[in-house]
Amino acid sequence: MGLLKTLLIIILVYLGVKSLARLFAPFLLRFVAKKAEQRFGGNFQTNDYSQKSSVKEGETVIDKMPNPQKKSNDTVGEYIEYEEVD
């Protein structure tokens, strides 16, 4: 009888935790997301489509231009010409 009672208690606790997790999971996830946003100091937007943009669909947008002052280093290595041997 003790084994049956123990199994019944384990099953009831499992079902109770499962149902409570379904109720509180959205609140917990929202809380974690807000904390992560505060930690990283960003002002993340959850819905990018809510803002009206002047960019039309399919148009290419460059947010940051590459630095034109970077030059390639020509003294990186030595060029070796290979010849194929049959």
Side-chain angles (χ1 to χ4, degrees):
M1 194 66 180
L3 178 66
L4 184 62
K5 187 176 180 180
T6 304
L7 287 176
L8 184 63
I9 289 173
I10 290 173
I11 291 172
L12 287 175
V13 167
Y14 171 74
L15 292 175
V17 168
K18 188 176 176 181
S19 62
L20 287 176
R22 282 189 177 198
L23 289 174
F24 293 116
F27 299 112
L28 181 65
L29 289 176
R30 206 171 300 136
F31 175 75
V32 169
K34 283 182 183 180
K35 282 294 188 182
E37 183 178 349
Q38 289 173 355
R39 179 180 294 160
F40 293 116
N43 49 1
F44 302 115
Q45 303 229 349
T46 57
N47 191 359
D48 290 336
Y49 298 109
S50 65
Q51 294 180 347
K52 296 292 180 184
S53 178
S54 63
V55 179
K56 296 178 184 174
E57 184 177 343
E59 195 173 301
T60 304
V61 177
I62 300 174
D63 291 334
K64 181 180 175 187
M65 295 297 290
N67 191 357
Q69 296 169 345
K70 288 185 178 180
K71 295 180 182 178
S72 65
N73 190 357
D74 292 334
T75 61
V76 172
E78 178 181 336
Y79 178 75
I80 300 174
E81 186 174 328
Y82 290 99
E83 193 174 299
E84 188 174 330
V85 178
D86 289 328

Could you state the interatomic distance from [atom1] ([X]) to [atom2] ([Y]), rounded to the nearest 0.5 Å?
X	Y	atom1	atom2	result
Leu7	Leu12	CG	CG	11.0 Å
Leu20	Leu15	CG	CG	11.0 Å
Met1	Leu4	CE	CG	6.0 Å
Leu23	Leu28	CG	CG	12.5 Å

Is it possible for you to say whether Tyr14 and Ile11 belong to one hydrophobic cluster, with membership spreading through side-chain heavy-atom contacts below 4.5 Å?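 Result: yes, single cluster for both.
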